[in-house]
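A quick note: this is a predicted structure, and the numbers were derived from the prediction, not measured. For the single chain, residues carry numbers from 1 onward in sequence order. Atoms considered below: every heavy atom in the structure, side chains included; atoms not considered: hydrogens, waters and symmetry mates.
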Amino acid sequence: MSVPTQTILLVKSVTGRSLLDTSKHGCPFRLEGQEGQWRLAVQNVAPQMAEEIRNLLTELNLFYFEDYGAEADRRKWWLYDSACPEYAYDPAGKMLELKVDRRVGYTNEHAGKV
């Protein structure tokens with residue numbers, strides 16, 4: 001696999017309610033890191049959305065997808081923090097930053113640590 005054709009970040013509460021879908025809300029983002037330290041920087045996050053995410057910080061599930069053109073070529077990860085994600089928000093720049101310490105790869109058939 002080479003460069004993904006699309007990447008998507010979903011931020012959901014543990015109850016499954018969607019708080020942010022970068023593909024639907026027009027929020028470019030970057031995922032950077034390595035085992036034990038993952039940083040998500042999301043642009044164009046409205047202040048109300050950032051506040052809602054902050055209020056549910058201990059209840060977040062983050063899902064990251066890389067598409068390579070076909071469903072069989074989709075890579076998926078669940079990102080979370082073993083304690084509580086680190087949160088930062090710049091209202092002037094509408095930039096949301098979350099830091100977590102876990103990334104688990106999964107498929108619809110099985111899950112495994114990546």
For residues [X] and [Y], determine if any side-chain heavy atom of one lies less than 4.5 Å from a side-chain heavy atom of the other.
X   : Y   : value
R30 : R39 : yes
L98 : L79 : no
L31 : L9  : no
F65 : Q6  : no

query = Which residues satisfy the side chain to side chain donor-acceptor pair (under 3.5 Å) test with D21, sequence neighbours excluded?
reply =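 Here the qualifying residues are S23.
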inquiry  = So, using side chain to side chain donor-acceptor pair (under 3.5 Å) as the criterion, who are the partners of Y89 when residues are at least two apart?
reply    =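 By the side chain to side chain donor-acceptor pair (under 3.5 Å) rule, Y89 matches no residue at all.
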Supply the atom-to-atom distance [X] [atom1] to [Y] [atom2], rounded to the nearest 0.5 angstrom.
X   : Y    : atom1 : atom2 : result
D90 : E97  : CG    : CD    : 10.5 Å
H25 : Q43  : NE2   : CD    : 16.0 Å
E35 : D101 : CD    : CG    : 9.0 Å

inquiry  = Can you tell me which residue among K76, R75, R74 is in a side-chain contact (heavy atoms from CB on, under 4.5 Å) with D67?
reply    =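 The side-chain contact (heavy atoms from CB on, under 4.5 Å) with D67 is passed solely by R74 among K76, R75, R74.
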query = For the hydrophobic clusters of this structure (ILVMFWY residues joined by side-chain heavy atoms under 4.5 Å, transitively), does one cluster hold both Y80 and Y106?
reply = yes
message = Applying a strict under-4.5 Å side-chain criterion to I, L, V, M, F, W and Y, I'd like to know whether Y87 and L40 cluster together.
response =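 Hydrophobic grouping puts Y87 with L40.
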For a quick test of your reading: what N or O donor-acceptor pairs under 3.5 Å do the side chains of residues 53-62 make, sequence neighbours left out?
| residue | atom | partner | partner atom | Å |
| --- | --- | --- | --- | --- |
| R54 | NH2 | E51 | OE2 | 2.6 |
| N55 | ND2 | E51 | O | 3.4 |
| N61 | OD1 | W78 | NE1 | 2.9 |

